[in-house]
Amino acid sequence: MAQILIVDDSPADLKFMEAALKGTSHTVTSLTDPAQVEAVADQVRPDLLLVDVVMPGRNGYEVVRGLRRQPGMETLKVVFVSSKGNETDVKWGLRQGADDYIVKPYTPEQVLGVITRLLG
């Protein structure tokens, strides 16, 4: 069982992601405000972060950089989940420290496949 943190400014996207993970043994924490990520991550100690790239105030790349500076978060698995899906966007996301990249719209099977691969 893993701790999964989802960060997306869209409540609809959060609900879809939560539904995709329902029925798994993972514990899911969801946030719509990227400014809260470090505080919440400090409490829940996630094993995996699913994060949107385009969010108001703070984008997904900034969220990941902030988390990576926290003690104990250096090995956090990161998956960007974004509608920015051309090849350069995906390559840039992976260069920013993501372990994988899911392009919206996605299927629950895609999400579960990535999570299974990254968490074993």
Side-chain angles (χ1 to χ4, degrees):
M1 179 167 79
Q3 289 280 351
I4 299 175
L5 178 58
I6 306 170
V7 184
D8 196 313
D9 61 310
S10 165
D13 284 338
L14 281 180
K15 283 189 192 316
F16 188 82
M17 187 71 72
E18 289 166 352
L21 296 171
K22 191 171 184 142
T24 69
S25 60
H26 305 304
T27 302
V28 177
T29 303
S30 301
L31 287 175
T32 55
D33 183 357
Q36 298 175 350
V37 170
E38 284 87 355
V40 171
D42 207 33
Q43 293 173 353
V44 301
R45 307 306 293 174
D47 301 296
L48 180 110
L49 171 69
L50 296 163
V51 61
D52 188 13
V53 172
V54 180
M55 296 182 286
R58 192 169 182 212
N59 68 42
Y61 306 130
E62 294 167 323
V63 166
V64 171
R65 284 193 289 272
L67 277 177
R68 294 273 193 223
R69 288 191 289 270
Q70 280 189 254
M73 292 288 144
E74 302 86 3
T75 60
L76 174 69
K77 300 289 185 195
V78 173
V79 178
F80 284 121
V81 183
S82 180
S83 57
K84 295 177 61 115
N86 68 43
E87 187 178 343
T88 56
D89 291 321
V90 173
K91 284 183 180 177
W92 180 250
L94 296 173
R95 287 185 60 203
Q96 296 304 303
D99 296 282
D100 211 325
Y101 197 107
I102 298 173
V103 178
K104 295 177 184 178
Y106 52 85
T107 65
E109 293 78 19
Q110 286 175 293
V111 174
L112 294 174
V114 167
I115 290 172
T116 299
R117 187 175 58 74
L118 292 177
L119 297 177

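One-based numbering along the sequence shown. None of the values given here were measured: they were computed from a predicted structure.
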How many angstroms lie between atom [atom1] of [X] and atom [atom2] of [Y], to the nearest 0.5 angstrom?
X      : Y      : atom1 : atom2 : answer
Glu38  : Gln70  : CD    : CD    : 5.5 Å
Asp52  : Lys84  : CG    : NZ    : 10.5 Å
Ser83  : Tyr106 : OG    : OH    : 11.0 Å
Gln43  : Thr29  : CD    : OG1   : 9.0 Å
Ile102 : Ile115 : CD1   : CD1   : 7.0 Å
Asp8   : Ser30  : CG    : OG    : 9.5 Å

Does His26 reach the side chain of Leu119, with side-chain heavy atoms less than 4.5 Å apart?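 Yes, at least one pair of side-chain atoms sits under 4.5 Å.
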Give the minimum heavy-atom separation between [X] and [Y], together with the two atoms involved.
X     : Y     : value
Val63 : Met55 : CG2-CE, 4.1 Å
Ala98 : Phe80 : CB-CD1, 3.3 Å
Ala41 : Pro46 : O-CD, 3.5 Å
Pro34 : Pro56 : CG-O, 3.9 Å
Asp9  : Val54 : OD1-O, 3.4 Å

Taking [X] for its side chain and [Y] for its backbone only, find out whether a donor-acceptor pair lies under 3.5 Å.
X     : Y     : answer
Asp47 : Gln3  : yes
Arg65 : Gly97 : no
Asp99 : Val79 : no

If you draw a 6.0 Å radius around CD in Glu74, do more than 12 non-hydrogen atoms from other residues or ligands fall strictly inside?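 Counting other residues, nucleotides and ligands, CD of Glu74 exceeds 12 neighbours.
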Mark yes when over 12 heavy atoms from residues, nucleotides or ligands other than Lys104 sit less than 6.0 Å from its NZ; otherwise mark no.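 Check passes, neighbour count above 12.
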Is there a path from [X] to [Y] through hydrophobic residues (I, L, V, M, F, W, Y) whose side chains come within less than 4.5 Å of each other?
X     : Y      : answer
Leu5  : Tyr61  : yes
Val53 : Val64  : yes
Val44 : Val78  : yes
Leu50 : Val103 : no
Val51 : Phe16  : no

Please lay out, stage by stage, how Val90 and Glu87 fare under the test side chain to side chain contact (heavy atoms under 4.5 Å, CB included). CA-CA 5 Å; Val90 173; Glu87 187 178 343; 5.9 Å; no
Would you check if there is a donor-acceptor pair between the side chains of Asn86 and Thr88 at a distance under 3.5 Å?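 Present: a donor and an acceptor within the cut-off.
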I need the single residue from Val37, Ile6, Leu14 that forms a side chain to side chain contact (heavy atoms under 4.5 Å, CB included) with Leu31. Which is it?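 Exactly one pass, corresponding to Val37.
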